[in-house]
Amino acid sequence: MPAVSLDQIISLCKRRGFIFPGSEIYGGLQGAYDFGPLGVELKNNLINDWWRSNVYERDDMEGIDASILMNRLVWKYSGHEETFNDPLVDCRNCKSRWRADHIKDKCPNCGSTDLTEPRPFNMMFKTQVGPVADSGSFAYLRPETAQGIFANFSNVLATTSRKLPFGIAQVGKAFRNEINPRNFLFRVREFEQMEIEFFVMPGSDETWHERWLEARLAWWESIGVRRERISIYDVPADELAHYSKRTYDLMYDYPSIGVQEIEGIANRTDYDLGSHSKDQASLGLTARVNLNEDSTARLTYFDHESKRHLVPYVIEPSAGVGRCVLAVLCEAYDEEQIKAPSAERLQSVADALSAFLKSAGKSEKIRPEQRDALIAQGQSLADALAERLPEVETLLAMPGADEIELGKKLRGQAQPILDEHYRTVLHLRPRLAPVKVAVFPLKRNHEQIVATAKQIRRQLQAESGVRTVYDDSGAIGKLYRRQDEIGTPYCITVDFDTLGEGKAPGHAGTVTVRDRDTMAQERVPIGELQTYLREKLR
RNA sequence: GCGGGCGUAGCUCAGUGGUAGAGCAUCUGCCUUCCAAGCAGAUGGUCGCGCGUUCGAAUCGCGUCGCCCGCUCCA
């Protein structure tokens with residue numbers, strides 16, 4: 001059973017060290033999250049995969065890493081100073097808040113004209129540069145990494161002798177002062193972008209836009225995000241960003257929060273390179289740019305065929321790393337039944353469930369439509385509790401469910417049975433898994449078994465470079481499940497047979513390798529482990 | 001930002017004015033143990049934070065921070 005609520009993912013992330021709320025010891029900071037020991041591995045693996053697939057496996061791409069702080073004029077001419085700046089007004093009567101440019105003198109909600117003066121709200125974070133804090137000494141934290149690429153267009157062109165079409169890729173942090181960060185990694189104030197600016201001949205932009213759409217869809221599929229969970233949103237003209245002629249948003253169907261953007265693929269035309277150029281009138285620009293009196297450069301490309309300088313068009317595939325991590329986790333998440341719970345124990349959950357539903361039916365704290373949805377869901381669950389036990393959590397995650405006091409009791413009844421009869425497993429692609437291999441001793445107080453297991457672990461990590469961990473803090477079944485939960489593809493167990501002390505003398509010098517997805521085991525000679533795993537982990 | 005709900009041990013929760021609890025997890029021993037429940041012991045919380053009411057506050061009031069839901073906002 002795949003993830004049905006974001007809470008399941010959030011809980012796993014916190015519990016196992018993928019992602020923590022930022023600054024938690026001081027009560028947290030809204031819209032900031034920290035990646036833990038496993039999270040950083042997963043995130044780095046994703047970024048590396050993106051880089052490999054977009055930079056190394058193509059012939060038309062270079063990479064850069066630009067600074068986060070840039071001259072303020074970058075943001076003046078990119079249009080962000082103007083467009084990332086929304087004047088807001090509050091209605092004193094009904095307490096609603098609106099964008100001043102979206103309403104006329106009257107609150108659309110209650111019709112009141114008792115509005116506050118418009119107050120500017122800038123999405124860009126400001127910081128002071130240098131020791132003197134006067135009005136001219138500030139810079140913005142970049143709201144997108146893209147401008148670092150545009151600003152370096154001529155540098156890259158001059159140092160690499162690239163011909164159109166070619167692209168520049170970059171991964172880095174960006175910052176937006178979101179009014180209301182929400183939904184875990186989905187909307188945060190500090191995030192990482194994986195961006196490509198792909199420069200093409202004007203006129204070929206539409207073809208390249210389509211090609212990139214296909215290329216990006218293929219990448220998402222290659223990291224385990226099923227095609228049928230992604231939809232393409234052709235952004236209507238009135239919703240386009242100020243720099244875009246056309247944009248395809250790739251939308252992923254997240255649990256709890258529904259269909260949301262995971263990547264934007266925009267046709268930015270000649271807007272950015274043109275905006276940052278001097279002598280704009282002579283460049284034959286098609287985009288409407290602001291007059292630039294500060295730039296010292298023409299960001300143009302000399303086309304040898306037509307013998308003229310031109311401003312390339314730009315296709316920009318831009319994905320958020322956090323949203324990507326989240327989507328990959330949601331896709332990989334699974335709860336599987338290992339063995340059937342006894343009728344007696346199921347009955348205790350069934351009783352708690354029916355008490356919960358009775359209480360929900362009488363509750364006046366929740367809205368009728370929420371109550372009806374809860375009861376409908378609960379009843380269908382009650383009819384097939386044996387097969388659908390994990391959905392108790394789903395039920396309790398529904399809007400309004402936490403208003404019902406008996407919910408905690410229901411969870412308390414279901415939890416121990418779930419722990420024992422189900423496993424949580426992340427079916428991550430092996431190359432994305434934070435840990436590739438775990439090594440266990442079958443018995444943790446047998447000196448020789450422990451020593452052999454530790455030796456195997458050391459050797460594998462040192463010689464093959466794959467992330468390998470050792471664990472002996474529990475019975476073997478518990479160790480397997482612990483690794484399942486973080487998506488470790490292979491577990492190696494050293495047992496008595498390995499030492500030649502078991503019932504199968506022929507197995508001396510071999511260990512069992514257990515597959516995460518099938519739970520099947522295979523005996524492999526210790527000396528062949530490295531080759532065996534290299535093959536499997538590819 | 002508004003409205004509603006929530007915040008007690010790493011996790012799930014009990015505790016409604018009188019000395020902070022349980023189960024699981026973790027750690028240390030013991031056990032020939034391949035798919036989470038063996039045995040014994042131990043660690044761990046100024047009850048989100050602050051102020052107030054009270055002889056006394058996890059419990060009551062106010063404020064604040066964070067999270068969740070719905071609006072709003074936002075790519």
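Within every chain, numbering begins at 1; the chains are lettered A, B, ... in the order of the sequence lines, protein sequences first and strands thereafter. Note that these values count all heavy atoms, side chains included, but never hydrogens, waters or copies made by symmetry.
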- Crowded around A:Arg15 CZ? As in, over 12 foreign heavy atoms under 6.0 Å? yes

- Query: How long is the line joining CZ of A:Arg523 and C1' of B:C34, in whole Å?
  - Reply: 10 Å

- Message: For the P atoms, the ones on B:C13 and on B:G50, what distance do you get once it is rounded to whole angstrom?
- Response: 25 Å

- Distance test, side-chain N/O of A:Asn445 to OP1/OP2 of B:C31, below 4.0 Å: yes

- Would you say A:Lys478 reaches B:U33's phosphate, i.e. side-chain N/O to OP1/OP2 under 4.0 Å? no

- Within the distance-only criterion (no hydrogens, no angle test), does the side chain of A:Arg457 pair as donor or acceptor with the backbone N or O of A:Asp471 below 3.5 angstrom? no

- Item | Spacing of the P atoms in B:U64 and B:G23 (rounded, Å) | 39 Å

- Message: Rounded to whole Å, please give me the gap between CZ in A:Arg15 and P in B:A9.
- Response: 16 Å

- Item | Protein-nucleotide distance (A:Asp472, atom CG; B:U28, atom C1'), rounded to Å | 13 Å

- Query: Can you find a donor-acceptor pair, distance only, under 3.5 Å between A:Glu239 side chain and B:A75 base?
  - Reply: yes

- Item | Pairing nucleotide - B:C60, Watson-Crick or G-U, each distance under 3.5 Å | B:G52

- Say you pick atom C1' in B:C55 and the same atom in B:G17; how far apart are they, in whole Å? 12 Å

- Note on the structure: Closest to the 5' end of RNA chain B, once A:Ala520 and A:His446 are matched to their nearest nucleotides, is A:His446

- Query: What interatomic distance, in whole Å, is found between P of B:U28 and the corresponding atom of B:C65?
  - Reply: 42 Å

- Item | Distance in angstrom units between A:His80 NE2 and B:A75 C1', rounded | 11 Å

- Message: For A:Phe186, does the six-membered ring have the charged nitrogen or CZ of A:Arg323 within the cation-pi criterion, i.e. under 6.0 angstrom from the centroid and within 45° of the normal?
- Response: yes

- Nucleotide paired to B:A40 in any strand shown, Watson-Crick or G-U, under 3.5 Å: B:U28

- Task: Identify which nucleotide among B:A75, B:C35, B:C11 has an atom closest to any side-chain atom of A:Ile338, counting heavy atoms from C-beta outward.
- Result: B:C35

- Message: Nearest 0.5 Å, please: how far is OH in A:Tyr480 from CD1 in A:Ile338?
- Response: 13.0 Å

- Item | Lys/Arg N to Asp/Glu carboxylate O, A:Asp495 vs A:Arg523, below 4.0 Å | yes

- Respond yes when some side-chain nitrogen or oxygen of A:Lys443 is under 4.0 Å from OP1 or OP2 of B:C31, and no when none is. no

- Task: Rounded to the nearest angstrom, tell me the gap between atom CZ in A:Arg16 and atom P in B:G10.
- Result: 17 Å

- Item | Between A:His427 and A:Asp334: side-chain donor-acceptor atoms closer than 3.5 Å | yes

- Query: Under the criteria of a ring-centre distance below 5.5 Å and an interplanar angle below 30°, is A:Tyr480 stacked with the base of B:C34?
  - Reply: no

- Tell me whether the OP1 or OP2 atom of B:C69 has a side-chain N or O from A:Asn183 closer than 4.0 Å. yes

- Message: What's A:Ser473 touching, base or sugar-phosphate or nothing? Going by heavy atoms closer than 4.0 Å.
- Response: sugar-phosphate

- Message: So A:Arg482, base contact, sugar-phosphate only, or nothing? Heavy-atom distance under 4.0 Å.
- Response: sugar-phosphate

- Query: Looking at B:C11, B:C71, B:C34, which one has an atom nearest to any side-chain atom of A:Arg182?
  - Reply: B:C71

- Can you check whether any acceptor in the base of B:C35 is under 3.5 Å from a donor in the side chain of A:Arg514, or vice versa? yes

- Query: With both distances kept under 3.5 Å, what pairs with B:G70, Watson-Crick or G-U wobble?
  - Reply: B:C2

- Message: In this structure, is the centre-to-centre distance between the rings of A:Tyr252 and A:Tyr254 below 6.0 Å?
- Response: yes

- Query: If you pin A:Leu29 and A:Glu485 to their nearest nucleotides in RNA chain B, which one's is more 5'?
  - Reply: A:Glu485

- If we call it a pair only when both distances are under 3.5 Å in a Watson-Crick or G-U wobble match, what pairs with B:G23? B:C11

- Task: Measure the distance from CZ on A:Phe20 to C1' on B:C11 and round it to the nearest whole Å.
- Result: 14 Å

- Item | Integer angstrom distance from the C1' of B:U16 to that of B:C60 | 9 Å

- Task: Have a look at A:Gln521 and say if it touches a base, only the backbone sugar-phosphate, or nothing, with a 4.0 Å heavy-atom cut-off.
- Result: base

- Task: In whole angstrom, give me the gap between the P atoms of B:U12 and B:C2.
- Result: 29 Å

- Query: Is A:Asp484 touching bases, backbone alone, or none of the nucleic acid, heavy atoms closer than 4.0 Å?
  - Reply: nothing

- Side chain of A:Asp495 - closest among B:C30, B:C35, B:C34: B:C34

- Query: Watson-Crick or G-U wobble partner for B:G45, using a 3.5 Å limit on both distances?
  - Reply: none

- Query: Taking atom P in both B:U8 and B:U46, what distance in whole Å separates the two?
  - Reply: 13 Å

- Shortest non-hydrogen pair, A:Arg142 vs A:Gln170, comes out as NH1-OE1, 3.8 Å

- Can you check the A:Phe184 CZ to B:C68 C1' distance for me, whole Å? 14 Å

- Query: Among the nucleotides B:G1, B:U32, B:C34, which one has an atom lying closest to any side-chain atom of A:Asn180?
  - Reply: B:G1

- Task: Could you measure between the two C1' atoms, the one in B:A9 and the one in B:U26, and give it in whole Å?
- Result: 11 Å

- Query: Between A:Gln30 and B:C67, is there a side-chain N or O to OP1/OP2 distance below 4.0 Å?
  - Reply: yes

- What's the closest nucleotide to the A:Thr493 side chain, out of B:U32, B:C34, B:C35? B:C34

- Message: Nearest whole Å is fine: how far is B:U32 P from A:Leu499 CG?
- Response: 14 Å

